[in-house]
2 protein chains.
Amino acid sequence: MNKPVPDPRPYHHGDLSRALVDAARRILETQGPTALSLRAVAREAGVSPAAPYHHFKDKDQLLEAVAHEGWTALDAALAKARAEAKNARDRLTSIGVAYVCFARDNPALYRVMYDGARNKDSLPEQLKDDGAYCQVRNTIAAQSDDTVTDIDLELATIAAWCAGHGLAEMIGFKQFEPLKQALGGEQAFLRAVFEHLGMFAKYDHGVLQTD
Amino acid sequence: MNKPVPDPRPYHHGDLSRALVDAARRILETQGPTALSLRAVAREAGVSPAAPYHHFKDKDQLLEAVAHEGWTALDAALAKARAEAKNARDRLTSIGVAYVCFARDNPALYRVMYDGARNKDSLPEQLKDDGAYCQVRNTIAAQSDDTVTDIDLELATIAAWCAGHGLAEMIGFKQFEPLKQALGGEQAFLRAVFEHLGMFAKYDHGVLQTD
DNA sequence: ATGTTATCTAAACGCTGTCCAGATAGGACC
DNA sequence: GGTCCTATCTGGACAGCGTTTAGATAACAT
């Protein structure tokens with residue numbers, strides 16, 4: 001009576017869960033979010049429409065797996081930006097720019113990531129443990145002195161995260177085009193917006209004025 | 001040969017366009033965005049599934065009409081907050097809080113509003129002319145001195161708008177619950193996050209340091 | 001070799017957005 | 001008032017969707 005472990009062993013197909021997630025990401029990249037149906041994913045993976053149900057409870061759970069990979073990729077992108085920042089002064093801004101650029105470069109994936117979060121009214125736990133959100137908090141903490149309370153740190157992280165997300169969702173909006181051009185490119189535009197949030201500069205001094 | 005003007009005259013039904021938009025909003029409020037199908041709207045309005053096509057090109061155009069009313073309602077909410085702000089000092093923060101509260105109180109409508117915007121990669125023109133976005137810019141402008149350039153003003157408005165939107169999309173996230181409690185309520189939490197964005201305080205002095 | 005069980009297919013259900021042919025009814029013109 | 005036009009609405013259809021069910025198949029344990 002060997003217990004039926006939910007193992008990822010290759011059976012008929014080989015590794016269908018993997019293949020399905022890959023197929024989904026391929027469709028997302030080439031045809032966008034509206035083309036991402038369960039049937040289309042199955043078609044792309046070369047199986048029947050019902051096959052995915054042996055690996056995922058429903059469509060949402062497949063999208064969750066896709067989103068999980070998205071968050072992991074975001075982790076990596078932020079870590080890279082953090083490591084490459086020339087100096088501590090603009091480390092947080094660089095992370096912010098990297099965040100928005102990730103969303104700009106993977107718009108469909110980014111949408112799936114936040115669709116999942118909104119449906120559950122929760123960011124994935126992944127982020128808190130050692131992920132992107134944690135990186136932002138650590139970066140802010142490193143720039144703060146010891147007068148900054150835990151609550152302030154958390155509030156600042158939330159503020160930074162929300163600002164990044166807001167900008168990420170709107171970066172492609174055509175209303176911003178003239179401004180981007182006036183500032184000499186998207187990167188300059190992003191840095192300028194982040195700097196106008198003030199908070200990023202504020203923490204340079206290691207001082208947080210809550211009033 | 002009287003030209004067939006696209007007039008909103010009551011024909012068989014009376015004013016089906018109106019009735020459809022109202023039906024859609026009713027469904028949004030009571031059953032959420034996932035229940036909002038064209039057929040459900042037609043059902044709610046008491047007409048056949050094909051009837052809406054004489055008033056809207058497709059489902060997206062009906063949603064656009066719904067979104068338009070949403071943006072108008074947001075205009076009013078921000079105007080109210082702006083008028084009621086006790087002093088100039090926290091006028092911008094009050095507007096920000098009102099923005100997020102609007103999204104929290106009308107989550108389904110807010111979602112339709114931004115779904116439409118994202119699909120067109122553009123905020124509605126409505127906002128620029130005399131709407132909510134314009135109100136934010138005017139409020140910031142009123143707090144700035146004359147050393148602030150037009151570009152700075154635009155950047156600050158974008159920053160504020162994005163921060164508000166980011167917070168609006170995440171305000172319901174369960175990760176923030178403990179912090180809300182620690183600060184004694186949602187309103188206090190919102191004000192605290194906005195204040196940690198720094199920018200709001202920054203403009204109090206009427207000085208904008210771009211470097 | 002046998003039996004068990006995970007895996008996959010084929011077919012079906014009810015739902016969706018959208019289109020078409022035909023019925024109907026309001027307004028314009030004589 | 002009668003006639004025509006055209007906007008409006010219905011019923012029926014189509015393809016596609018997410019999901020379920022029953023049955024075939026193939027890998028594994030014994």
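Labels below follow one simple rule: chain letters A, B, ... track the order of the sequence lines, proteins then strands, and each chain is numbered from 1. These figures come from a predicted structure and were not determined experimentally.
Atom CZ in A:F56 sits about 16 Å away from atom P in D:dT20, given to the nearest Å. The separation between B:Q61 atom CD and C:dG17 atom P is 15 Å, rounded to whole Å. Counting to the nearest Å, the P atom of C:dT18 and the OH atom of B:Y53 are 3 Å from each other. Rounding to whole angstrom units, CD of residue A:E44 and P of D:dC17 are separated by 13 Å. Taking atom CG of B:L16 as the reference point, atom C1' of C:dG26 lies 16 Å away to the nearest angstrom. Atom CD in A:Q31 sits roughly 11 Å away from atom P in D:dC17 (whole-Å rounding). We find that NE2 of A:H54 is positioned 13 Å from P of C:dA10, with the value rounded to whole Å. Nucleotide C:dG26 holds its C1' atom 15 Å from the CG atom of B:D15, rounded to whole Å.
Judged by closest nucleotide on DNA chain C, B:S37 is the one of B:K57 and B:S37 placed further toward the 5' end. Two residues, B:S48 and A:D58, neighbour DNA chain D, and the one matched to the more 5' nucleotide by heavy-atom proximity is B:S48.
Of the side-chain N and O atoms in B:H55, one or more sit less than 4.0 angstrom from OP1 or OP2 of D:dC9. Under 4.0 angstrom from either OP1 or OP2 of C:dT16 there lies at least one side-chain N or O belonging to B:R43. Put simply, B:R39 has no side-chain N or O that comes within less than 4.0 Å of OP1 or OP2 on D:dC17.
A distance of 8.0 Å separates CG of A:L153 from CG of A:N138, quoted to the nearest 0.5 Å.
Each of A:R26, A:R18, A:R25 was compared with A:D22 under the salt bridge (charged side-chain N to carboxylate O under 4.0 Å, His left out) criterion, and only A:R18 meets it. With respect to A:E177, the side chain to side chain donor-acceptor pair (under 3.5 Å) criterion is satisfied by exactly one of A:K180, A:K174, A:Q175: A:K180.
If you check C:dC19, D:dC9, C:dG17 against the side chain of B:A50, the one that comes closest is C:dC19.
Classification of the A:Y110-A:Y99 ring pair by plane angle, with boundaries at 30° and 60°, yields perpendicular.
Counting non-hydrogen atoms of other residues, nucleotides and ligands closer than 6.0 Å to CG of B:D105 gives a total above 12.
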